[in-house]
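Before we start, here is the structure in question, set down as C-alpha coordinates.
Remember, it's a predicted structure, so these values are computed and weren't measured experimentally. Atoms within each ligand, like the ligands themselves, are counted from 1 in listed order. Reckoned from all heavy atoms, side chains included, excluding hydrogens, waters and symmetry mates.
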Amino acid sequence: MTTSAQKVVALTVDGLVKTFDVSAPWLNRVVERKPRQFLQAVNDISFTVPAGGCLSIVGESGCGKSTVARLVTGLYAPTGGEIRFAPGRSGAPLSAQMIFQDPYASLNPRWRVKNIIAEPLRELKLRNTAAEITERVEELLLTVGLSVSDGEKFPHEFSGGQRQRISIARALASEPEFLVCDEPTSALDVSVQAQVLNLMRRLQDELGLTYLFISHDMSVVRHMSDRIAVMYLGRIVEEGDTEELFAHPRHPYTQLLLQTIPSIDAPKRDQELVGGEVPSPLKPPSGCTFHPRCPLATVRCSAEVPEIRRLSNGTRVACHLVTDA
Ligand SMILES: Nc1ncnc2c1ncn2[C@@H]1O[C@H](COP(=O)(O)OP(=O)(O)OP(=O)(O)O)[C@@H](O)[C@H]1O
Ligand code: SF4
Ligand SMILES: [Mg+2]
(Lines give C-alpha, C1' and ligand atoms only; values in the text may rest on other atoms or scores of the structure.)
(Ligands and ions follow the chains in the order given, each with its own letter.)
Protein backbone atom coordinates (compact mmCIF):
# COMPACT_ATOMS: atom_id res chain seq x y z
CA MET A 1 0.00 0.00 0.00
CA THR A 2 1.18 3.51 -0.68
CA THR A 3 2.16 5.90 2.04
CA SER A 4 2.93 9.55 1.57
CA ALA A 5 6.64 8.68 1.52
CA GLN A 6 6.18 6.39 -1.50
CA LYS A 7 5.30 8.68 -4.34
CA VAL A 8 7.97 7.54 -6.77
CA VAL A 9 6.28 6.48 -9.98
CA ALA A 10 7.13 2.90 -10.99
CA LEU A 11 5.23 2.84 -14.28
CA THR A 12 4.04 5.57 -16.62
CA VAL A 13 1.66 4.69 -19.44
CA ASP A 14 1.12 7.51 -21.87
CA GLY A 15 -1.42 7.58 -24.72
CA LEU A 16 -1.37 3.79 -25.07
CA VAL A 17 -3.16 2.38 -28.12
CA LYS A 18 -3.59 -1.21 -29.28
CA THR A 19 -5.40 -1.98 -32.51
CA PHE A 20 -5.96 -5.56 -33.69
CA ASP A 21 -6.39 -6.40 -37.35
CA VAL A 22 -9.43 -8.67 -37.29
CA SER A 23 -10.01 -8.69 -41.06
CA ALA A 24 -11.31 -11.80 -42.78
CA PRO A 25 -8.64 -13.71 -44.78
CA TRP A 26 -7.55 -11.97 -47.98
CA LEU A 27 -9.44 -14.28 -50.36
CA ASN A 28 -12.71 -13.90 -48.45
CA ARG A 29 -12.31 -10.13 -48.50
CA VAL A 30 -11.82 -10.12 -52.26
CA VAL A 31 -14.69 -12.53 -53.00
CA GLU A 32 -17.13 -11.02 -50.53
CA ARG A 33 -15.88 -7.46 -51.10
CA LYS A 34 -15.29 -6.93 -47.44
CA PRO A 35 -13.03 -4.11 -46.24
CA ARG A 36 -10.25 -4.67 -43.73
CA GLN A 37 -11.48 -4.52 -40.18
CA PHE A 38 -9.69 -3.15 -37.15
CA LEU A 39 -10.60 -3.41 -33.51
CA GLN A 40 -9.35 -0.76 -31.14
CA ALA A 41 -8.95 -2.74 -27.91
CA VAL A 42 -7.08 0.03 -26.06
CA ASN A 43 -7.80 3.57 -27.11
CA ASP A 44 -5.45 6.29 -25.88
CA ILE A 45 -5.13 5.51 -22.20
CA SER A 46 -2.71 7.08 -19.72
CA PHE A 47 -2.02 6.25 -16.09
CA THR A 48 0.80 5.94 -13.57
CA VAL A 49 1.45 3.37 -10.86
CA PRO A 50 3.33 4.59 -7.77
CA ALA A 51 6.19 2.40 -6.52
CA GLY A 52 4.91 0.06 -3.82
CA GLY A 53 1.30 0.85 -4.73
CA CYS A 54 -1.51 -1.01 -6.43
CA LEU A 55 -3.52 0.38 -9.32
CA SER A 56 -6.46 -1.77 -10.35
CA ILE A 57 -8.18 -1.76 -13.69
CA VAL A 58 -11.85 -2.74 -13.68
CA GLY A 59 -14.53 -2.99 -16.31
CA GLU A 60 -16.80 -5.46 -18.04
CA SER A 61 -15.65 -8.29 -20.27
CA GLY A 62 -14.00 -7.09 -23.47
CA CYS A 63 -13.20 -3.55 -22.28
CA GLY A 64 -9.47 -4.11 -22.84
CA LYS A 65 -8.11 -5.03 -19.38
CA SER A 66 -6.08 -8.07 -20.45
CA THR A 67 -4.78 -6.22 -23.48
CA VAL A 68 -3.38 -3.53 -21.16
CA ALA A 69 -1.80 -6.28 -19.00
CA ARG A 70 -0.20 -7.88 -22.04
CA LEU A 71 1.08 -4.54 -23.33
CA VAL A 72 2.63 -3.67 -19.97
CA THR A 73 4.39 -7.04 -19.70
CA GLY A 74 5.63 -6.82 -23.28
CA LEU A 75 3.55 -9.74 -24.60
CA TYR A 76 2.02 -7.32 -27.14
CA ALA A 77 3.69 -4.41 -28.89
CA PRO A 78 1.72 -1.16 -28.64
CA THR A 79 0.19 0.35 -31.78
CA GLY A 80 0.84 3.76 -30.25
CA GLY A 81 1.83 5.50 -27.05
CA GLU A 82 4.50 4.76 -24.49
CA ILE A 83 5.14 2.44 -21.55
CA ARG A 84 7.98 3.58 -19.27
CA PHE A 85 9.25 1.74 -16.21
CA ALA A 86 11.28 3.67 -13.65
CA PRO A 87 14.63 2.27 -12.51
CA GLY A 88 14.25 -0.40 -9.83
CA ARG A 89 16.38 -1.14 -6.78
CA SER A 90 19.22 -2.43 -8.93
CA GLY A 91 19.24 0.71 -11.05
CA ALA A 92 18.08 -1.16 -14.16
CA PRO A 93 14.55 -0.36 -15.43
CA LEU A 94 11.85 -2.45 -13.77
CA SER A 95 10.27 -5.25 -15.69
CA ALA A 96 6.92 -6.80 -14.96
CA GLN A 97 6.07 -10.42 -14.25
CA MET A 98 2.54 -11.57 -15.00
CA ILE A 99 0.18 -13.73 -12.96
CA PHE A 100 -2.68 -15.15 -15.02
CA GLN A 101 -6.27 -16.07 -14.24
CA ASP A 102 -5.82 -19.75 -15.03
CA PRO A 103 -2.75 -21.03 -13.18
CA TYR A 104 -3.15 -24.50 -14.68
CA ALA A 105 -2.65 -23.25 -18.21
CA SER A 106 0.47 -21.33 -17.23
CA LEU A 107 2.19 -24.21 -15.38
CA ASN A 108 3.91 -26.99 -17.31
CA PRO A 109 1.87 -30.11 -16.34
CA ARG A 110 4.80 -32.50 -16.89
CA TRP A 111 7.21 -30.75 -14.54
CA ARG A 112 7.50 -31.17 -10.80
CA VAL A 113 6.65 -27.97 -8.97
CA LYS A 114 10.23 -27.54 -7.76
CA ASN A 115 11.43 -27.45 -11.39
CA ILE A 116 8.68 -25.04 -12.42
CA ILE A 117 9.80 -22.62 -9.70
CA ALA A 118 13.51 -23.23 -10.40
CA GLU A 119 13.25 -22.43 -14.11
CA PRO A 120 13.50 -18.63 -13.79
CA LEU A 121 16.35 -19.05 -11.26
CA ARG A 122 18.31 -21.10 -13.79
CA GLU A 123 17.37 -19.05 -16.81
CA LEU A 124 18.25 -15.71 -15.24
CA LYS A 125 21.25 -17.25 -13.43
CA LEU A 126 20.00 -15.91 -10.09
CA ARG A 127 21.47 -18.93 -8.27
CA ASN A 128 24.46 -20.93 -9.44
CA THR A 129 24.78 -24.25 -7.67
CA ALA A 130 22.12 -26.96 -7.38
CA ALA A 131 22.15 -26.53 -3.60
CA GLU A 132 21.48 -22.79 -3.88
CA ILE A 133 18.63 -23.40 -6.32
CA THR A 134 17.06 -26.01 -4.03
CA GLU A 135 17.36 -23.69 -1.06
CA ARG A 136 15.73 -20.81 -2.90
CA VAL A 137 12.89 -23.01 -4.26
CA GLU A 138 12.14 -24.20 -0.71
CA GLU A 139 12.17 -20.64 0.56
CA LEU A 140 9.72 -19.60 -2.18
CA LEU A 141 7.38 -22.53 -1.45
CA LEU A 142 7.23 -21.50 2.20
CA THR A 143 6.78 -17.82 1.29
CA VAL A 144 3.56 -18.61 -0.57
CA GLY A 145 2.23 -20.92 2.14
CA LEU A 146 3.11 -24.29 0.59
CA SER A 147 5.37 -26.93 2.11
CA VAL A 148 8.81 -28.07 0.99
CA SER A 149 7.44 -31.53 0.09
CA ASP A 150 4.97 -29.88 -2.33
CA GLY A 151 7.96 -29.27 -4.60
CA GLU A 152 8.03 -32.98 -5.48
CA LYS A 153 4.45 -32.99 -6.78
CA PHE A 154 2.98 -32.15 -10.18
CA PRO A 155 0.54 -29.27 -10.84
CA HIS A 156 -2.50 -31.59 -11.19
CA GLU A 157 -2.06 -32.74 -7.60
CA PHE A 158 -3.05 -29.30 -6.27
CA SER A 159 -6.27 -27.36 -5.82
CA GLY A 160 -6.91 -24.17 -7.79
CA GLY A 161 -5.85 -21.95 -4.90
CA GLN A 162 -2.64 -23.93 -4.34
CA ARG A 163 -1.87 -23.79 -8.05
CA GLN A 164 -2.19 -20.02 -7.97
CA ARG A 165 0.29 -20.04 -5.06
CA ILE A 166 2.68 -22.02 -7.27
CA SER A 167 2.40 -19.45 -10.05
CA ILE A 168 3.00 -16.66 -7.55
CA ALA A 169 6.13 -18.49 -6.30
CA ARG A 170 7.28 -18.90 -9.90
CA ALA A 171 6.69 -15.21 -10.60
CA LEU A 172 8.60 -14.25 -7.44
CA ALA A 173 11.53 -16.49 -8.41
CA SER A 174 12.71 -13.92 -10.94
CA GLU A 175 12.79 -11.29 -8.17
CA PRO A 176 10.39 -8.87 -9.86
CA GLU A 177 9.51 -5.55 -8.29
CA PHE A 178 6.42 -5.16 -10.46
CA LEU A 179 3.64 -7.73 -10.84
CA VAL A 180 0.81 -7.56 -13.35
CA CYS A 181 -2.03 -9.71 -12.04
CA ASP A 182 -4.78 -10.47 -14.55
CA GLU A 183 -7.83 -11.75 -12.66
CA PRO A 184 -5.56 -13.90 -10.45
CA THR A 185 -8.41 -15.15 -8.28
CA SER A 186 -11.44 -15.09 -10.60
CA ALA A 187 -11.33 -18.85 -11.12
CA LEU A 188 -11.24 -19.60 -7.37
CA ASP A 189 -13.92 -20.17 -4.75
CA VAL A 190 -14.68 -17.11 -2.67
CA SER A 191 -13.01 -18.41 0.52
CA VAL A 192 -9.86 -19.45 -1.36
CA GLN A 193 -9.96 -16.15 -3.24
CA ALA A 194 -9.63 -14.25 0.03
CA GLN A 195 -6.65 -16.37 1.12
CA VAL A 196 -4.78 -15.78 -2.13
CA LEU A 197 -5.59 -12.05 -2.08
CA ASN A 198 -4.35 -11.79 1.49
CA LEU A 199 -1.16 -13.60 0.50
CA MET A 200 -0.67 -11.11 -2.33
CA ARG A 201 -1.19 -8.18 0.01
CA ARG A 202 1.28 -9.58 2.51
CA LEU A 203 3.88 -10.17 -0.21
CA GLN A 204 3.38 -6.65 -1.45
CA ASP A 205 4.20 -5.25 1.98
CA GLU A 206 7.05 -7.62 2.75
CA LEU A 207 8.79 -7.44 -0.62
CA GLY A 208 7.86 -3.86 -1.53
CA LEU A 209 6.11 -5.00 -4.72
CA THR A 210 4.16 -2.77 -7.08
CA TYR A 211 0.96 -4.17 -8.58
CA LEU A 212 -1.08 -3.54 -11.65
CA PHE A 213 -4.13 -5.55 -10.71
CA ILE A 214 -6.92 -6.51 -13.07
CA SER A 215 -10.38 -7.66 -12.11
CA HIS A 216 -14.02 -7.26 -13.01
CA ASP A 217 -14.98 -7.67 -9.37
CA MET A 218 -15.34 -4.35 -7.54
CA SER A 219 -15.20 -5.94 -4.07
CA VAL A 220 -11.86 -7.61 -4.88
CA VAL A 221 -10.51 -4.37 -6.28
CA ARG A 222 -11.55 -2.42 -3.20
CA HIS A 223 -9.60 -4.85 -1.04
CA MET A 224 -6.44 -4.66 -3.13
CA SER A 225 -5.95 -1.18 -4.54
CA ASP A 226 -4.84 2.33 -3.69
CA ARG A 227 -6.25 3.65 -6.95
CA ILE A 228 -8.75 2.32 -9.46
CA ALA A 229 -9.08 2.92 -13.18
CA VAL A 230 -12.47 2.09 -14.70
CA MET A 231 -12.34 1.08 -18.36
CA TYR A 232 -15.15 1.10 -20.90
CA LEU A 233 -14.63 0.02 -24.52
CA GLY A 234 -10.89 0.58 -24.51
CA ARG A 235 -10.86 3.90 -22.65
CA ILE A 236 -10.40 4.93 -19.03
CA VAL A 237 -13.61 6.70 -18.05
CA GLU A 238 -12.71 7.36 -14.41
CA GLU A 239 -9.56 6.97 -12.34
CA GLY A 240 -9.11 7.91 -8.72
CA ASP A 241 -8.30 7.02 -5.15
CA THR A 242 -10.07 3.80 -4.07
CA GLU A 243 -11.99 5.21 -1.11
CA GLU A 244 -12.96 8.34 -3.03
CA LEU A 245 -14.17 6.32 -6.01
CA PHE A 246 -16.34 4.11 -3.81
CA ALA A 247 -17.67 7.03 -1.76
CA HIS A 248 -18.23 9.45 -4.65
CA PRO A 249 -18.23 7.70 -8.02
CA ARG A 250 -18.41 10.49 -10.60
CA HIS A 251 -18.86 8.78 -13.96
CA PRO A 252 -22.32 7.31 -14.67
CA TYR A 253 -20.67 4.02 -15.67
CA THR A 254 -18.75 3.76 -12.38
CA GLN A 255 -22.02 4.45 -10.58
CA LEU A 256 -23.66 1.55 -12.44
CA LEU A 257 -20.72 -0.77 -11.70
CA LEU A 258 -20.92 0.01 -8.00
CA GLN A 259 -24.63 -0.78 -7.94
CA THR A 260 -23.90 -4.33 -9.05
CA ILE A 261 -21.21 -5.28 -6.53
CA PRO A 262 -21.88 -8.87 -5.54
CA SER A 263 -22.22 -9.35 -1.80
CA ILE A 264 -20.23 -11.95 0.14
CA ASP A 265 -23.45 -13.99 0.63
CA ALA A 266 -24.43 -13.85 -3.03
CA PRO A 267 -21.21 -13.80 -4.98
CA LYS A 268 -22.78 -13.65 -8.41
CA ARG A 269 -19.80 -12.80 -10.53
CA ASP A 270 -21.06 -11.96 -13.96
CA GLN A 271 -24.15 -10.11 -12.94
CA GLU A 272 -25.51 -8.10 -15.83
CA LEU A 273 -25.46 -4.36 -15.53
CA VAL A 274 -28.53 -2.22 -15.85
CA GLY A 275 -28.75 -0.53 -19.23
CA GLY A 276 -28.09 -3.44 -21.58
CA GLU A 277 -25.00 -5.01 -23.05
CA VAL A 278 -21.64 -3.63 -24.04
CA PRO A 279 -21.71 -2.56 -27.72
CA SER A 280 -19.38 -4.30 -30.17
CA PRO A 281 -15.90 -2.77 -30.10
CA LEU A 282 -15.89 -3.27 -33.89
CA LYS A 283 -18.62 -0.65 -34.21
CA PRO A 284 -18.29 1.57 -31.16
CA PRO A 285 -21.03 4.15 -30.64
CA SER A 286 -20.25 7.75 -31.66
CA GLY A 287 -19.26 10.44 -29.19
CA CYS A 288 -19.19 9.07 -25.65
CA THR A 289 -19.23 5.31 -26.33
CA PHE A 290 -21.28 4.81 -23.15
CA HIS A 291 -24.16 7.00 -24.41
CA PRO A 292 -26.55 4.18 -25.53
CA ARG A 293 -26.56 2.84 -21.94
CA CYS A 294 -26.21 6.08 -20.04
CA PRO A 295 -29.27 7.27 -18.11
CA LEU A 296 -27.99 10.86 -18.28
CA ALA A 297 -27.05 11.05 -21.98
CA THR A 298 -27.79 14.27 -23.86
CA VAL A 299 -27.54 15.17 -27.57
CA ARG A 300 -23.97 16.31 -27.04
CA CYS A 301 -23.01 12.85 -25.76
CA SER A 302 -23.61 11.09 -29.09
CA ALA A 303 -21.74 13.81 -31.01
CA GLU A 304 -18.66 14.61 -28.96
CA VAL A 305 -16.07 12.36 -27.31
CA PRO A 306 -15.57 13.53 -23.70
CA GLU A 307 -11.91 14.22 -22.89
CA ILE A 308 -10.60 12.82 -19.63
CA ARG A 309 -10.15 15.71 -17.17
CA ARG A 310 -8.53 15.91 -13.75
CA LEU A 311 -10.71 17.26 -10.94
CA SER A 312 -9.30 19.16 -7.97
CA ASN A 313 -9.41 16.01 -5.76
CA GLY A 314 -7.12 14.19 -8.21
CA THR A 315 -9.84 12.02 -9.78
CA ARG A 316 -9.86 11.93 -13.57
CA VAL A 317 -13.22 11.60 -15.34
CA ALA A 318 -14.33 11.48 -18.97
CA CYS A 319 -17.94 12.73 -18.97
CA HIS A 320 -19.48 15.93 -20.35
CA LEU A 321 -21.72 16.33 -17.33
CA VAL A 322 -19.18 15.98 -14.52
CA THR A 323 -18.10 19.31 -13.09
CA ASP A 324 -15.46 20.03 -10.49
CA ALA A 325 -17.85 20.67 -7.63
N1 LIG B 1 -5.26 -11.10 -29.97
C2 LIG B 1 -6.42 -10.50 -30.27
N3 LIG B 1 -6.86 -10.40 -31.55
C4 LIG B 1 -8.00 -9.78 -31.86
N5 LIG B 1 -8.82 -9.19 -30.97
C6 LIG B 1 -8.45 -9.26 -29.67
C7 LIG B 1 -7.25 -9.92 -29.25
N8 LIG B 1 -7.14 -9.81 -27.90
C9 LIG B 1 -8.24 -9.14 -27.50
N10 LIG B 1 -9.02 -8.81 -28.55
C11 LIG B 1 -10.27 -8.04 -28.48
O12 LIG B 1 -9.97 -6.84 -27.80
C13 LIG B 1 -11.03 -6.49 -26.89
C14 LIG B 1 -10.48 -6.40 -25.49
O15 LIG B 1 -10.11 -7.72 -25.07
P16 LIG B 1 -9.48 -8.01 -23.64
O17 LIG B 1 -9.14 -9.44 -23.60
O18 LIG B 1 -8.39 -7.04 -23.40
O19 LIG B 1 -10.70 -7.70 -22.68
P20 LIG B 1 -10.87 -7.92 -21.11
O21 LIG B 1 -11.32 -6.63 -20.54
O22 LIG B 1 -9.65 -8.56 -20.56
O23 LIG B 1 -12.09 -8.96 -21.04
P24 LIG B 1 -12.39 -10.16 -20.00
O25 LIG B 1 -12.96 -9.51 -18.76
O26 LIG B 1 -13.41 -10.98 -20.71
O27 LIG B 1 -11.11 -10.89 -19.76
C28 LIG B 1 -12.10 -7.55 -27.07
O29 LIG B 1 -13.06 -7.07 -27.98
C30 LIG B 1 -11.33 -8.72 -27.67
O31 LIG B 1 -12.19 -9.50 -28.48
S1 SF4 C 1 -20.62 11.92 -21.58
FE2 SF4 C 1 -22.85 11.75 -21.67
S3 SF4 C 1 -23.24 9.61 -22.25
FE4 SF4 C 1 -21.13 9.76 -21.56
S5 SF4 C 1 -21.20 9.20 -19.45
FE6 SF4 C 1 -21.33 11.43 -19.52
S7 SF4 C 1 -23.52 11.86 -19.56
FE8 SF4 C 1 -23.30 9.70 -20.04
MG1 LIG D 1 -9.28 -10.39 -19.60
So, R202 and E206, do they make that salt bridge, N to O below 4.0 Å?
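Salt bridge: yes.
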Does the side chain of Y232 pick up a donor-acceptor pair with the side chain of R293 at under 3.5 Å?
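A donor-acceptor contact under 3.5 Å links the two side chains.
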Shortest protein contact, atom 1 (N) of ligand 1 (heavy atom only)
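Nearest protein contact, heavy atoms only, for atom 1 (N) of ligand 1 is Y76 OH, 3.3 Å.
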Would you say ligand 1 has an N or O under 3.5 Å from any N or O of P281?
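No, since none of the N or O atoms of P281 sits under 3.5 Å from an N or O of ligand 1.
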Is there a protein heavy atom at a distance of less than 4.0 Å from atom 28 (C) of ligand 1?
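Under 4.0 Å from atom 28 (C) of ligand 1, at least one protein heavy atom found.
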Looking at F246, does the NZ or CZ of R222 lie under 6.0 angstrom from its six-membered ring centre and within 45 degrees of the ring axis?
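Yes; both conditions hold, so R222 lies above the ring face of F246.
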Would you call E307 and R235 a salt bridge, using N to O less than 4.0 angstrom?
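So E307 does not pair with R235 through a salt bridge.
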S167 pairs by side-chain hydrogen bond (donor to acceptor under 3.5 Å, both in side chains) with which of R165, R170, Q164?
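Result: among R165, R170, Q164, Q164 is the only option passing the side-chain hydrogen bond (donor to acceptor under 3.5 Å, both in side chains) with S167.
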To the nearest 0.5 Å, what is the distance between CG on L212 and CZ on F178?
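Result: 5.0 Å between the selected atoms.
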Mind checking the CG-CZ spacing from L245 to R227? Nearest 0.5 Å is all I need.
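Here the interatomic distance stands at 9.5 Å.
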Got the closest protein heavy atom to atom 26 (O) of ligand 1, with its distance?
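In this structure, atom 26 (O) of ligand 1 has S61 OG, 2.5 Å as its nearest protein heavy atom.
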Would one find an N or O of L39, backbone or side chain, under 3.5 Å from an N or O of ligand 1?
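No, since none of the N or O atoms of L39 sits under 3.5 Å from an N or O of ligand 1.
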Identity and separation of the nearest protein heavy atom to atom 5 (N) of ligand 1
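Ranking protein heavy atoms by distance from atom 5 (N) of ligand 1, first comes F20 CD1, 3.5 Å.
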Minimum heavy-atom distance V13-I45, with the two atoms named:
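So the minimum-distance heavy-atom pair works out to CG1-O, 3.6 Å.
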Tell me the protein heavy atom at minimum distance from atom 18 (O) of ligand 1, and give that distance in Å.
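Looking only at protein heavy atoms, the one closest to atom 18 (O) of ligand 1 is T67 OG1, 2.5 Å.
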Kindly state if atom 23 (O) of ligand 1 has a protein heavy atom within a strict 4.0 Å cut-off, that is, under 4.0 Å?
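Yes, there is a protein heavy atom closer to it than 4.0 Å.
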Is S66 close enough to the Mg ion (ligand 3) that one of its N, O or S atoms comes in under 2.8 Å?
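So S66 does bind the Mg ion (ligand 3) by this criterion.
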Considering heavy atoms of the protein only, find what lies nearest to atom 17 (O) of ligand 1 and give residue, atom and distance to 0.1 Å.
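In this structure, atom 17 (O) of ligand 1 has S66 CB, 3.7 Å as its nearest protein heavy atom.
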How about T315 and N313: does a side-chain donor come under 3.5 Å of a side-chain acceptor?
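A pair is found: one side chain offers a donor N or O, the other an acceptor, under 3.5 Å apart.
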Students often mix this up, so state it plainly: with edges at 30° and 60°, are the rings of H251 and F290 parallel, tilted or perpendicular?
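Ring orientation, 0 to 90° scale: tilted.
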Between V221 and S215, what is the shortest heavy-atom contact and its length?
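Looking at all heavy atoms of both residues, the shortest contact is CG2-CB, 3.7 Å.
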For atom 13 (C) of ligand 1, closest protein heavy-atom neighbour:
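The closest heavy atom on the protein side is G62 O, 3.6 Å.
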For atom 25 (O) of ligand 1, what is the closest protein heavy atom, and at what distance to 0.1 Å?
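Answer for atom 25 (O) of ligand 1: K65 NZ, 2.8 Å.
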Could you name all protein N, O or S atoms found under 2.8 Å from atom 4 (Fe) of ligand 2?
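Near atom 4 (Fe) of ligand 2, below 2.8 Å, one finds C288 SG.
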